[in-house]
Trainee: 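One structure, as structure tokens, below. Some questions next.
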Amino acid sequence: MARTGDRPARTPQVLKGMRDLLPQQMVLRQHVIGTFRRVFERYGFEPIETPVLEYLDVLTGKYGEDEKLIYHFQDRGGREVGLRYDLTVPLARFVATHRHELVFPFKRYHIEPVFRADRPQRGRYRQFWQCDVDIVGTASMLADAEVIMVWIDALSAVNMPNFVVHINHRKLLQSMAQVAGVPEAQAATIHRAIDKLAKIGRDGVHAEMVNHGIPPEAADRVLDLVALEGEPAEVLAELRRRLAGNQLAEEGIADLENLFRYLGELNADPAHYQLDLSLARGLDYYTGPVFEAMVKEPNIGSLGGAGRYDHLIGMFLGEDIPATGASLGLERIIDVIQELHLLPQPRTVSEVLVTVFSDEGLEASLSLVSQLRAGEVNAEIYLGERRDLRRQVQYADRKGIPLVAFLGPDEIAAGTVNLRVMASGEQVTVPVSAAAETIDRLLKQERSGDGAAGQ
RNA sequence: GUGCCUCUAGCUCAAUUGGCAGAGCACUGGUCUGUGGAACCAGGGGUUACGGGUUCAAGCCCCGUGAGGCACCCCA
């Protein structure tokens with residue numbers, strides 16, 4: 001850490017919308033990733049990985065408007081390449097590439113970073129991780145129901161309170177536009193406006209539609225449909241009456257009826273999902289049910305987006321394979337966990353610090369630390385050159401290591417070790433042979449007594 | 001991508017509006033080599049985000065760049 005006298009070439013700064021993660025942030029992050037992984041695997045989803053870089057034309061033509069946010073450049077061989085914008089389009093390409101190596105219906109999860117050249121804001125980064133589960137090769141609404149169940153379980157597993165999965169159907173949205181007499185080309189405008197219903201209200205949506213050239217009467221007709229609320233079965237029955245004879249509406253309603261029936265049979269908690277006829281979802285590739293996971297507090301946007309995309313794989317294969325899937329935004333979820341203190345937040349992976357009393361005691365300390373590691377305890381030995389115990393205990397305190405093991409002449413002579421619980425100051429002396437076991441017990445006590453409030 | 005706001009020590013913020021760049025916490029050393037978060041003493045740390053301009057004089061005014069935030073857009 002000596003000074004070199006050289007001036008740094010540039011201020012050491014990370015790129016807009018990207019961040020470094022410190023060890024104490026990674027502890028929570030990896031815990032959340034591990035939790036999601038376990039939930040995903042409980043449903044039989046299997047992991048895959050794909051490159052962050054794809055041929056640019058793999059990515060283009062799938063997202064609609066958003067396409068301008070794709071990072072792209074030429075590689076050294078002159079290839080036009082792009083950083084993946086999500087994990088769904090790469091999955092579609094993956095399925096088309098490996099079609100004959102996969103067992104269908106194919107279920108995979110995928111937890112990796114994606115990139116969007118968006119203007120950063122709170123909860124909006126240029127590099128962020130998505131946690132995706134998708135089911136490829138079945139058009140059954142059972143697959144969509146499973147995906148929603150995974151979401152509910154995953155968010156519940158990180159103690160997320162009051163989240164709601166909003167559910168709608170692309171075909172329903174399209175049929176509403178048809179019934180209102182809005183031309184196909186303007187359908188997207190309508191959907192975008194409707195999506196803001198909760199935010200700007202009926203009048204706001206009406207004004208926005210009219211602004212975009214939708215006749216006021218058509219806007220009213222659409223809004224009358226969207227405004228329907230209540231029990232899914234009742235709302236769907238009412239829609240069936242009002243949209244009678246419309247092919248798309250029939251298909252969408254039938255899908256949703258099945259979907260809600262399956263959710264009921266899977267015992268999904270009704271507090272965590274609802275029919276929301278105003279939910280639009282921006283991405284072009286959705287063709288069926290669409291979902292969005294929302295929390296009211298804090299105001300951070302959606303935690304995840306999802307839906308069915310029965311024609312996306314066909315864009316690579318020339319033959320459609322139906323698919324549905326869900327995507328959670330890791331950073332937003334972690335932001336909420338931290339803001340609301342939903343999980344305990346240890347600052348380190350270390351479980352115990354083994355102190356070194358003196359040169360003469362070093363051998364005993366090294367022997368203990370190896371023994372603890374063999375017993376699957378995360379144990380570190382103090383590596384500093386100055387060994388006064390005060391300094392060593394302070395090190396444990398600063399790093400947040402929950403336990404400290406003392407081995408002085410007395411303990412060494414007696415074949416014991418003195419274990420100190422940092423949070424309480426309580427100390428116990430046990431035989432070295434019982435150290436690992438005692439540490440396990442003390443850690444369990446700590447974790448249960450600690451509650452979810454964290455340190 | 002558009003508009004607006006912000007940027008001073010590791011963190012939170014001062015600096016009498018253009019006149020010597022500071023505090024608290026943190027950090028380092030000591031009191032203190034058998035036990036941390038206390039106290040006391042001492043210390044290190046800043047081209048005031050970066051680059052330029054105006055001025056006798058710039059943290060403060062002007063321009064550009066970078067980064068963060070708010071709203072829009074959109075979305076995870």
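Letters A, B, ... mirror the listed sequences (proteins, then strands); counts begin at 1.
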Trainee: Taking B:G19 as the reference, what is the distance to B:C61 when you measure between their P atoms (whole Å, please)?
Mentor: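 Each nucleotide's P atom is 11 Å from the other's.
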Trainee: Determine the contact category for A:Pro120: base if any of its heavy atoms lies under 4.0 Å from a base atom, sugar-phosphate if only primed atoms, P, OP1 or OP2 are that close, otherwise nothing.
Mentor: sugar-phosphate
Trainee: Before accepting this row, confirm whether a basic side-chain N of the pair A:Arg447/A:Glu351 lies closer than 4.0 Å to the acidic partner's carboxylate O.
Mentor: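 Between A:Glu351 and A:Arg447 there is a salt bridge, with a charged N closer than 4.0 Å to a carboxylate O.
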Trainee: Measure from NZ or CZ of A:Arg116 to the centre of the six-membered ring of A:Tyr85 and say whether it is under 6.0 Å with the direction within 45° of the ring axis.
Mentor: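 Judged by the rule (NZ or CZ under 6.0 Å from the ring centre, within 45° of its axis), A:Arg116 counts as positioned above A:Tyr85.
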Trainee: Under 4.0 Å, counting only non-hydrogen atoms across every strand here, what does A:Phe357 touch: a base, just sugar-phosphate, or nothing?
Mentor: base
Trainee: Checking A:Lys171 now: which residues fulfil side-chain hydrogen bond (donor to acceptor under 3.5 Å, both in side chains) with it, not counting sequence neighbours?
Mentor: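 By the side-chain hydrogen bond (donor to acceptor under 3.5 Å, both in side chains) rule, A:Lys171 matches A:Glu251.
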Trainee: What distance, rounded to whole Å, do you find between the two C1' atoms, one in B:U47 and one in B:C5?
Mentor: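 Each nucleotide's C1' atom is 26 Å from the other's.
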Trainee: Give a yes or no on whether a donor-acceptor pair under 3.5 Å exists between the nucleobase atoms of B:G34, that is its base, and the side chain of A:Gln392.
Mentor: no
Trainee: Please report the distance separating the P of B:C50 from the corresponding atom of B:A21, rounded so that it comes out in whole Å.
Mentor: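 My reading of the P atoms in B:C50 and B:A21 gives 16 Å.
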Trainee: Can you measure A:Tyr395 atom OH to B:G34 atom P for me and round it to whole angstrom units?
Mentor: 21 Å
Trainee: Can you check the distance between B:G18 and B:A76, where both ends of the measurement are the C1' atom (answer in whole Å)?
Mentor: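 So the two C1' atoms sit 47 Å from each other.
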Trainee: Not counting sequence neighbours, list each pair that qualifies as a salt bridge (Lys or Arg N to Asp or Glu O under 4.0 Å) and has a residue in residues 187-213 of chain A.
Mentor: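 Non-adjacent pairs meeting salt bridge (Lys or Arg N to Asp or Glu O under 4.0 Å): A:Lys196-A:Glu208, A:Arg202-A:Asp220, A:Arg202-A:Asp224.
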Trainee: Looking only at side-chain N and O atoms, does A:Gln427 offer a donor or acceptor that is under 3.5 Å from a partner on A:Asn418?
Mentor: yes
Trainee: Would you say the side chains of A:Tyr286 and A:Asn168 form a donor-acceptor pair under 3.5 Å?
Mentor: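 There is no such pair between these side chains.
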Trainee: How is the base pairing of RNA chain B summarised as a dot-bracket string, given the Watson-Crick and G-U wobble criteria with both distances under 3.5 Å, [ ] for crossing and | for another strand?
Mentor: (((((((..((((.....[..)))).(((((.......))))).....(((((..]....))))))))))))....
Trainee: Should A:Val95 and A:Phe316 count as side-chain neighbours, where that means a heavy-atom distance under 4.5 Å?
Mentor: no
Trainee: Give every residue pair that meets the salt bridge (Lys or Arg N to Asp or Glu O under 4.0 Å) criterion with at least one member in residues 52-63 of chain A, sequence neighbours excluded.
Mentor: A:Glu54-A:Arg93
Trainee: What is the nucleic acid contact for A:Gln127, judged by heavy atoms within less than 4.0 Å: base, sugar-phosphate only, or nothing?
Mentor: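 Counting heavy atoms under 4.0 Å across all strands, no contact is made by A:Gln127.
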Trainee: If the glycosidic angle sits within 90 degrees of zero it is syn, else anti. Tell me which applies to B:U55.
Mentor: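 Here B:U55 takes the anti form, which means its glycosidic angle is more than 90° from 0.
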Trainee: Picking from A:Thr287, A:Asp255, A:Asp144, what satisfies side-chain hydrogen bond (donor to acceptor under 3.5 Å, both in side chains) with A:His169?
Mentor: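 When side-chain hydrogen bond (donor to acceptor under 3.5 Å, both in side chains) is applied between A:His169 and each of A:Thr287, A:Asp255, A:Asp144, only A:Asp255 qualifies.
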Trainee: Check the pair A:Arg42, A:Asp153 against salt bridge (Lys or Arg N to Asp or Glu O under 4.0 Å), reporting the backbone distance first and the verdict last.
Mentor: CA-CA 10 Å; A:Arg42 196 172 302 143; A:Asp153 279 359; 5.1 Å; no
Trainee: Hey, which sits more toward the 5' end of RNA chain B by its nearest nucleotide, A:Arg386 or A:Arg122?
Mentor: A:Arg386
Trainee: Rounding to an integer number of Å, can you tell me how far A:Glu411 CD sits from B:U35 C1'?
Mentor: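 It is 11 Å, rounded to the nearest whole Å.
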Trainee: When the C1' atoms of B:A9 and B:C4 are considered, how many whole Å apart are they?
Mentor: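 Their C1' atoms lie roughly 29 Å apart.
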Trainee: In this structure, how many angstroms lie between the C1' atom of B:G1 and the NE2 atom of A:His72, rounded?
Mentor: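 That distance rounds to 13 Å.
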Trainee: Nearest whole Å is fine: how far is B:G69 P from A:Lys16 NZ?
Mentor: 10 Å
Trainee: May I ask you to check whether A:His272 and A:Phe163 place their ring centers less than 6.0 Å from one another?
Mentor: yes
Trainee: Classify the angle between the aromatic ring planes of A:Phe45 and A:Tyr43 as parallel (below 30°), tilted (30 to 60°) or perpendicular (above 60°).
Mentor: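 Aromatic pair A:Phe45/A:Tyr43 classed tilted.
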Trainee: Can you check the A:Lys399 NZ to B:A26 P distance for me, whole Å?
Mentor: 20 Å
Trainee: What N/O pairs connect the protein and nucleotides 36-40 of chain B at under 3.5 Å? Give each pair on its own line.
Mentor:
{"from": "B:G36", "atom 1": "O2'", "to": "A:Asp397", "atom 2": "OD2", "distance (Å)": "3.3"}
{"from": "B:G36", "atom 1": "N7", "to": "A:Arg420", "atom 2": "NH2", "distance (Å)": "2.5"}
{"from": "B:G36", "atom 1": "O6", "to": "A:Arg420", "atom 2": "NH2", "distance (Å)": "2.9"}
{"from": "B:G36", "atom 1": "O6", "to": "A:Met422", "atom 2": "O", "distance (Å)": "3.0"}
{"from": "B:G36", "atom 1": "N1", "to": "A:Met422", "atom 2": "O", "distance (Å)": "2.7"}
{"from": "B:G36", "atom 1": "N2", "to": "A:Asp397", "atom 2": "OD1", "distance (Å)": "2.8"}
{"from": "B:G36", "atom 1": "N3", "to": "A:Asp397", "atom 2": "OD1", "distance (Å)": "3.4"}

Trainee: Taking protein heavy atoms under 4.0 Å as touching, what does nucleotides 71-76 of chain B look like 5' to 3' if B marks base contact, S marks sugar-phosphate-only contact and - marks none?
Mentor: BBBBBB
Trainee: For the C1' atoms, the ones on B:A49 and on B:U8, what distance do you get once it is rounded to whole angstrom?
Mentor: 10 Å
Trainee: Taking the same atom, P, in B:C62 and in B:U55, what whole-Å distance lies between them?
Mentor: 16 Å
Trainee: Could you check whether the rings of A:Tyr71 and A:Phe115 sit parallel, tilted or perpendicular, using 30° and 60° as the cut-offs?
Mentor: perpendicular
Trainee: Write down the distance separating the P atoms in B:G51 and B:C56, rounded off to the nearest Å.
Mentor: 23 Å
Trainee: Give one of base, sugar-phosphate or nothing for A:Asn418, where a contact means two heavy atoms less than 4.0 Å apart.
Mentor: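 Touches a base.
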